[in-house]
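These notes are about the structure you will find just below.
Letters A, B, ... are given to chains in the order of the sequence lines, protein chains preceding strands, and every chain is numbered from 1. All values derive from a computational prediction rather than experimental measurement.
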Number of protein chains: 2
Amino acid sequence: MGQRDAEATRARILAAAVIEFAAHGHSGGRIDRIAREAESNVRMIYAYFGNKSGLFDAALSDAIRRMAEEVPPRPTELPAWVGELFDFHQRRPEVLRICLWAQLERPEAASEPLETYLAKVESLQEQASPAISAVDLLVIIYAVAQAWQLAPVGLLSADGRASHETRRAAAVEVVTRILI
Amino acid sequence: MGQRDAEATRARILAAAVIEFAAHGHSGGRIDRIAREAESNVRMIYAYFGNKSGLFDAALSDAIRRMAEEVPPRPTELPAWVGELFDFHQRRPEVLRICLWAQLERPEAASEPLETYLAKVESLQEQASPAISAVDLLVIIYAVAQAWQLAPVGLLSADGRASHETRRAAAVEVVTRILI
DNA sequence: CCTAAGTAAGTATCTATTTACTTATAGGCT
DNA sequence: AGCCTATAAGTAAATAGATACTTACTTAGG
């Protein structure tokens, strides 16, 4: 790398880390691979992020921030929102993957960017009913948007006529019916 | 171990493997820990299961079989079924955990016990509607039953008045509304 | 010319898998 | 019944390759 640019190097490392950790998780992710892929150096990773866990947490926060920015909550149009979440997970499966890894491998880190979630809860408050609280509603909406990414591929391929659109429509329909 | 009993040793290893892999996954799970915890020996693991992946797959199949036996599908009473699935995941979180690890680390293995799922799909066929196919319905029901296990703990603890019962009721209510 | 950015080559530890060995036990033989 | 032995069950220790993290050094640029 001819020029020296700390910010750019840091950004390349972070981007490579998101990809690597989304693919292999914290324990399976390899520092050397990240360094190579970022066209940087192992030493730089430790300079910028301290250690492997620090890098993982930074990658996780980055991914969650992206999701919160790209798909902001729409408390008055929840069916439309679940559709956008569904699309997002198809478009960027690495974000859900890194969140799942975090939930399994570092649950304490997974709760870190909590304000993001709590803000959403507040805005959902008025949609809550005696049967389903605001938090539960948020939990369910996320689960429905992610459902197809969590299903074993073999099961999904059993549905010959299924497509992105039919699944998206099913997710939207579910949330519509929940709110009635 | 005074007595020699191949079956018993194999069973102890498998039980220890389920616990270890549910906690740390395929890549994070340690063969030595499994051998120690099973009060057996590294060599025996290789004798019975070939290699680490063979042991992981055996542990996964064992966990899925247990779930299929303990919570058989009830195609005509889906809301009741989702309630039982919800209870099961609270009671045995390790089953969902090992399935998630498999989905992330060895997706090809995760689809292996496919007949189990496909049988359920057939029985759900009559509940399907133009908006939601049988496969999609199954995918959604699983997702709702698991939803609270996938949510970050910080989000869940934000709901002060929530309990096992209120969440279970919310899951059942959701499926009830979906089917109308 | 001093500081921050970058590089290359270790090191110490860990970990899956193997090798070489010991011991219990079932079942045939006398 | 009691002995003998082939085989399966079990153990301990080595090996070979990774891998997170460090140390000691070089170079660009304000």
Atom CZ of Phe56(A) and atom P of dA20(D) are separated, to the nearest Å, by 14 Å
Open item on the list: Just checking Trp148(A) against Phe86(A), ring centres under 6.0 Å apart?
Closed with: yes
Here the distance between atom P of dA8(C) and atom CD of Glu39(A), to the nearest Å, is 13 Å
Of dT7(C), dC21(D), dA12(D), the nucleotide closest to the side chain of Asn41(A) is dT7(C)
Of dA8(C), dT17(C), dC21(D), the nucleotide closest to the side chain of Arg43(A) is dA8(C)
Atom CG of Asp32(A) and atom P of dG17(D) are separated, to the nearest Å, by 17 Å
Any heavy-atom pair between the side chains of Leu96(B) and Pro93(B) that's under 4.5 Å? no
Q.
A side-chain contact here means heavy atoms from C-beta on lying under 4.5 Å apart; do Val175(A) and Trp81(A) qualify?
A. no
Query - salt_bridge(Asp87(A), Arg91(A)) N-O dist < 4.0 Å - result: no
note: Lys52(A), atom NZ; dA20(D), atom C1'; distance rounded to Å ~ 8 Å
Rounded to whole Å, the NE2-P distance (His24(A) to dA18(D)) equals 15 Å
Out of dC21(D), dT11(D), dT19(D), minimum distance to the side chain of Arg30(A) belongs to dT19(D)
Per atom distances to the Tyr48(B) side chain, the nearest of dG10(D), dT22(D), dT11(D) is dG10(D)
Note: for Thr9(B) and His26(A) on DNA chain D, the residue whose nearest nucleotide lies more 5' is Thr9(B)
When rounded to whole Å, the CD1 to C1' distance for the pair Ile34(A) and dA18(D) reads 16 Å
Of dA9(D), dA20(C), dA5(C), the nucleotide closest to the side chain of Met44(B) is dA9(D)
For this session: Mark yes when over 12 heavy atoms from residues, nucleotides or ligands other than Glu37(B) sit less than 6.0 Å from its CD; otherwise mark no.
Result: no
The nucleotide from dA12(D), dT22(D), dT18(C) with an atom nearest the side chain of Val42(B) is dT18(C)
Separation of dG6(C) atom P from Glu7(A) atom CD, nearest Å, is 11 Å
Ranking dA24(D), dT17(C), dT15(C) by distance to the side chain of Asn51(B), first place goes to dT17(C)
To the nearest angstrom, the OH-P distance between Tyr46(B) and dA20(C) comes to 18 Å
- Looking for any heavy atom pair under 4.0 Å, which part of the strands does Gly29(B) touch: base, sugar-phosphate only, or nothing? sugar-phosphate
